[in-house]
Amino acid sequence: MQIINPATEEILTEIKEDTKETLASKFGSLQKAQPVWQSIPLDERVEVLKKFSGLLEKNIEQLSAVLTSEVGKPLQQSRNEVNGARTRIKWLTENAGKYLTDETMISEKGLEEKISYEPLGVICNISAWNYPYLVGVNVFVPALLAGNTVMYKPSEYSTLTGLEIEKLLKEAGVPQNVFHLAVGGKETGEILLQLPFDGYFFTGSYKTGKMIYEKVASKMVPCQCEMGGKDPLYVTDDLADIKNVAAATADGAFYNNGQSCCAVERIYVHEKVYDRYIDEFVKEVKSWKTGSPTEAGVYIGPLSRKEQLLVLEKQLQDAVQKGGSILTGGKRMDRKGFYFEPTVVVDASHEMSLMRDESFGPVIGIMKVKNDEEAVQFMQDTEYGLTASVYSNSKERAEHILHQLNTGTGYWNCCDRVSAAVPWSGRKHSGFGSTLSHVGLRAFTKPKAYHLRSV
Ligand code: NAD
């Protein structure tokens, strides 16, 4: 398997993929090691994961350089990602004891009723490339804390980072056969689906997630899918500081080149503030430095995957045909690498693919709306349900709108953010089940009820 640098199109290295035989052997060793790992006291597992976080901190410059070289995100955004992963590990390790320890629910008259949170067993984690540290940590950290062993399949576009993660987990004290990497692409993933794992945790596109859910259904084990989004954002008419709102919401749409599951993918603006907002938004987008992701100050680097360039071109062609106007950007950059200009389209409509299908790139469609009712109608008009955001001076107004939307997350005066303290989950084609928070810690366990009566 070749690893390509998306900024230069050069081959960074070639890596041997796992085979059916090597994966079966890794699976067997994970199965054997699981009861031993489970028997280690939780506190000790917590210490190992804390050490892993310390190693991320110690090696941050090297890890960020590797991440940038294979996915093309600006170096500072790679550093932010590693630091973000550490923040999540902090919450998960600090709260593992509270949520994974046996709970006595009733204890009276010689009867004790308690819940024990047993690990699922051997976990299969098939993961995405856009935030390999963050989406990886969401799964393998709570899984390991809960006493599971893990087969982690990084995306074929972030394999080098997967290898770094494996190396540092082992250095931190995760025993050899408690965590294994499955190296490869789609075919490797398909082999994993045939093995008898005790739980499947997938992060990636709806198309793949749907297929995985169907394929593993007959195994009767938990399967959790975190998938894409077409996240809406609404700018109401009661805002005083439009300039700041435009800058913050543009960042929500374009950070990591728009390649975030919770990136703002469509914007609705109240007609009273529309012109001012568009003016400030375009000014902000034009102010960004584009170029090589290793150059200081660059905000827009290359896309991670070449194929996405064509997806964006098709969406924009369709948008223009259906009456959209491109105010800035609109095409590939004239240089080597997978670069696309940050693009703003106004006069968008829901007839356009741009407003319906995940773009996963540096393009945004914006629509004018008359009132909150119309905004809600458009925001709801989607197959996805990951996040939604409302910018307004009034918390009550924002909450009233967010309450009507079928999404896993609602944002007021913020967007494109994740916190380890609350569940991260999708609805509809964005998925089901949660990672992070107490819900995400317990997702890797099966509760066992004990009814204990002393004679
Ligand atoms: P993808 O679906 O192409 O690939 C995801 C993983 O599945 C990769 O490891 C890939 O090798 C594997 N895979 C592909 N085909 C497979 C098959 N037939 N059998 C088994 N495994 C297979 O997605 P991607 O391009 O890596 O990631 C981008 C998508 O992920 C976007 O839609 C994004 O929104 C979504 N995402 C969601 C979240 C979330 O938390 N909801 C987070 C990050 C990314």
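Both ligands and their constituent atoms are indexed starting at 1 by order of listing. Sequence positions, counted from 1, serve as the residue numbers for this chain. It should be emphasised that the depicted structure is a prediction, and the values quoted were computed from it without experimental measurement. The basis for the numbers below is simple: all heavy atoms, side chains too, and nothing from hydrogens, waters or symmetry mates.
The nearest protein atom to atom 41 (N) of ligand 1, hydrogens excluded, is given as Met227 O, 2.8 Å; this is a heavy-atom distance. Nearest protein heavy-atom neighbour of atom 16 (C) of ligand 1: Thr208 CG2, 3.5 Å. In terms of protein heavy-atom proximity, atom 28 (C) of ligand 1 is closest to Phe360 CE2, 3.8 Å. Of the protein's non-hydrogen atoms, Glu358 OE1, 2.7 Å is the one closest to atom 32 (O) of ligand 1. When only non-hydrogen protein atoms are considered, atom 35 (C) of ligand 1 lies nearest to Gly204 O, 3.2 Å.
In summary, the atoms of ligand 1 found under 4.0 Å from a heavy atom of Trp129, numbered by their order in the structure, are 24 (P), 25 (O), 26 (O), 27 (O). Using a 4.0 Å cut-off to heavy atoms of Ala128, the atoms of ligand 1 that qualify are 26 (O), 27 (O), 44 (C). Applying the 4.0 Å criterion to heavy atoms of Met211 picks out, from ligand 1, the atoms 17 (C), 18 (N), 19 (N). Taking every non-hydrogen atom of Ser155 and a distance limit under 4.0 Å, the qualifying atoms of ligand 1 come out as 9 (O).
Relative ring orientation between His350 and Tyr268 is described as tilted, the plane-to-plane angle lying within the 30° to 60° band. By the 30° and 60° cut-offs, the orientation of the rings of Tyr131 relative to Tyr255 is parallel. In this pair, Phe254 and Phe281 present their aromatic rings tilted. The plane angle is within the 30 to 60° band.
Between Val135 and ligand 1, not a single N/O pair is under 3.5 Å apart. Between Ser260 and ligand 1, a contact under 3.5 Å exists for no N or O pair. Not a single N or O atom of Arg305, backbone or side chain, sits closer than 3.5 Å to an N or O atom of ligand 1. The shortest N or O to N or O distance between Asn130 and ligand 1 is not below 3.5 Å.
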### Task
List the steps and the verdict of side-chain hydrogen bond (donor to acceptor under 3.5 Å, both in side chains) for Thr188 and Asp18.
CA-CA 7 Å; Thr188 306; Asp18 268 304; over 6 Å; no
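Residue Phe202 touches ligand 1 through its side chain alone, judged by heavy-atom distances below 4.0 Å.
For an aromatic pair to be called close, the ring centres must be under 6.0 Å apart, and Tyr200 with Tyr213 fails this.
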